[in-house]
Amino acid sequence: MPELPEVETVRRGIAPVLEGARFIRADARRPDLRVPIPENFSKALVGKRVRRVGRASKYLLIYMEDGLVMILHLGMSGKITLYNETGGPPPAPAKHDHLHFETDGGITMLFNDPRRFGLVVFSDEVTLDQHPLIAPMGPEPLANGFNSVYLTEQFARRKAPIKNILLDQKVIAGLGNIYVCEALYRAGVHPVRPANQVTEKETAALTSIIRDVINEAIAAGGSTLKDYAQVDGELGYFQHRFRVYGREGELCLTKGCKSEIERIVQAARSSFFCPSCQP
DNA sequence: CGGCCAACCTGTGCGC
DNA sequence: TGCGCACAGGTTGGCC
């Protein structure tokens, strides 16, 4: 499911109810997700206060008062659902509800992930930057280190299709299949172009387009949070209008363009593009 | 190291 | 109605 904007939306949704609250329950209902769930999962969390809810790329970071950091990834199908005790008793855990939390503030938080590509592991706050999941990642689109000089440099030494390079979390952290398709469409760059053949001008445009796409998606997520805030429900999966993703066979939305959106498969993922607008 | 592919899982939707 | 297949928003490990 989630790329950086969706994870940021989840973070904003859970931060207000978790920060300052104490876990009175933390159960792992199976031994593993993509990787084993820590043996001491419950013991390490119960009775402790959450200091802050952060995010690094697509990873949620729950900072505990004692320096422990719970790293959560939603994989492809992960969802977090919050229930408030004022809405009645929380439901019995359903199928694929793998993690079950309760806070002293009367909040139940469930992590549901049918495909189990998600994960939960622990780290120490002081060594978080060196954590094997965190350390290898490139800059996020909204970070200072992400600029056209950096991107030009990265493209220059890679001949793989630009689509693959933009999906590489070591190059840019946070983009996934949808937003890569959207960014390439807006930039007018065909997804199979070798990265080292993308011009500096195109790279400069792409840099700011990637920021735009991510900023707009975060804003769209924020607007869904407003509706969400009142009621119990799922976080992170919001309907956003895409200009090219998922629109195979439909008319290109560029004014005056009469072409149909095409779909090809790259690196075992679907790429959607307009053959006229993305030469 | 760069690049490519298979693998990890389950659910859903579509064509026959 | 049932069956089989294609596909799904992510990441990694192994191989050349």
Side-chain angles (χ1 to χ4, degrees), chain A residues 1-11 29-37 55-60 71-80 94-99 111-121 131-138 140-141 153-185 191-197 210 213-214 216-218 220-221 224 234-249 261-272:
Chain A
M1 161 184 76
E3 304 181 31
L4 186 156
E6 289 76 18
V7 178
E8 174 61 16
T9 301
V10 174
R11 190 196 69 75
R29 304 171 47 77
R30 54 172 296 124
D32 59 321
L33 294 169
R34 199 175 84 214
V35 302
I37 295 170
R55 180 187 58 72
S57 184
K58 305 175 190 176
Y59 294 96
L60 282 169
I71 303 176
L72 270 169
H73 194 286
L74 302 178
M76 291 275 267
S77 56
K79 290 187 180 78
I80 285 179
K95 204 176 179 185
H96 306 309
D97 281 343
H98 306 309
L99 304 178
F111 174 86
N112 182 290
D113 183 12
R115 292 178 75 180
R116 276 185 271 131
F117 289 168
L119 64 80
V120 58
V121 293
H131 191 280
L133 291 173
I134 306 292
M137 293 194 296
E140 296 194 14
E153 206 175 87
Q154 290 292 316
F155 287 173
R157 55 190 191 83
R158 314 280 208 116
K159 65 179 198 326
I162 187 166
K163 164 83 187 294
N164 302 31
I165 302 304
L166 293 178
L167 277 177
D168 187 342
Q169 304 299 299
K170 294 194 277 303
V171 177
I172 309 172
L175 295 183
N177 203 33
I178 290 180
Y179 296 116
V180 167
C181 289
E182 294 296 308
L184 287 173
Y185 172 71
V192 307
R193 294 253 306 275
N196 61 9
Q197 285 173 32
I210 287 170
V213 163
I214 294 300
E216 288 171 28
I218 290 174
T224 69
E234 264 170 20
L235 269 174
Y237 194 164
F238 54 86
Q239 282 308 335
H240 188 47
R241 263 220 149 26
F242 304 122
R243 297 188 194 171
V244 71
Y245 183 85
R247 298 192 65 248
E248 182 183 16
I261 300 303
E262 293 182 9
R263 182 179 79 91
I264 57 173
V265 175
Q266 296 178 271
R269 321 287 305 273
S270 288
S271 294
F272 299 88

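Numbered from 1 within each chain, the chains take letters A, B, ... in sequence-line order.
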Does [X] have a side-chain nitrogen or oxygen under 4.0 Å from the phosphate oxygens OP1 or OP2 of [N]?
X	N	answer
A:Lys58	C:dT11	yes
A:His96	B:dG11	yes
A:Lys95	B:dT10	no
A:Arg269	C:dA8	no
A:Ser270	C:dA8	yes
A:Gln169	C:dT11	yes

Taking atom [atom2] of [N] as reference, at what distance in whole Å does atom [atom1] of [X] sit?
X	N	atom1	atom2	result
A:Leu166	C:dG10	CG	P	13 Å
A:Leu33	B:dA7	CG	C1'	17 Å
A:Asp168	C:dT12	CG	P	10 Å
A:Leu133	C:dT12	CG	P	6 Å
A:Leu72	C:dT11	CG	P	14 Å
A:Asn164	B:dC5	CG	C1'	12 Å
A:Asp97	B:dG11	CG	C1'	15 Å
A:Leu167	B:dG3	CG	P	14 Å

Margin query: Restricting to non-hydrogen atoms, name the atom on A:Ser57 and the atom on A:Glu140 that form the minimum distance, rounded to 0.1 Å.
Written below: N-OE2, 2.5 Å
Next item on the list: Please name the pair of heavy atoms, one in A:Val244 and one in A:Cys181, separated by the smallest distance, quoted to 0.1 Å.
Entry: CG1-O, 3.6 Å
Notebook entry, point to check: Quick one: stems for DNA chain C, with Watson-Crick or G-U pairs under 3.5 Å, at least three in a row?
Noted result: B:2-8 with C:10-16, B:10-16 with C:2-8
Next item on the list: Using the closest heavy atom to pick a nucleotide of DNA chain B for each, name whichever of A:Ala268 or A:Ala160 lands nearer the 5' end.
Entry: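 Looking at the nearest nucleotide for each, A:Ala160 comes out on the 5' side.
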Next item on the list: For B:dC9 and C:dG4, measure between their P atoms and round to the nearest Å.
Entry: 22 Å
Check: Sub-3.5 Å donor-acceptor pair from the side chain of A:Asn177 to the main-chain atoms of A:Ser270, do we have one?
Finding: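 Yes, the answer is positive, given that a donor and an acceptor are paired below the 3.5 Å cut-off.
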With the side chain counted from C-beta on, respond yes when [X] and [Y] share a heavy-atom pair under 4.5 Å apart, and no when they do not.
X	Y	value
A:His73	A:Leu33	no
A:Leu99	A:Asp113	no
A:Leu119	A:Leu133	yes

Note to self: By nearest atom, which of the nucleotides B:dG3, C:dG10, B:dC4 is closest to the A:Arg158 side chain?
What the structure shows: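 Looking only at side-chain atoms, A:Arg158 lies closest to B:dG3.
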Next item on the list: Between B:dG2, B:dG11, C:dG10, spot the one nearest the side chain of A:Phe117, thanks.
Entry: C:dG10
Notebook entry, point to check: Are A:Asp97 and A:Lys95 close enough, and set up right, to give a salt bridge (charged side-chain N to carboxylate O under 4.0 Å, His left out), and what steps lead you there?
Noted result: CA-CA 6 Å; A:Asp97 281 343; A:Lys95 204 176 179 185; over 6 Å; no
Next item on the list: Please state whether the base of B:dC9 and the side chain of A:Arg115 form at least one donor-acceptor pair under 3.5 Å?
Entry: yes
Item checked: Steps toward side-chain hydrogen bond (donor to acceptor under 3.5 Å, both in side chains) verdict (A:Tyr179, A:Glu216) -> CA-CA 11 Å; A:Tyr179 296 116; A:Glu216 288 171 28; over 6 Å; no
Next item on the list: Could you say whether A:Ala267 or A:Arg263 is positioned toward the 5' end of DNA chain C, judged by the nucleotide with the nearest heavy atom to each?
Entry: A:Arg263
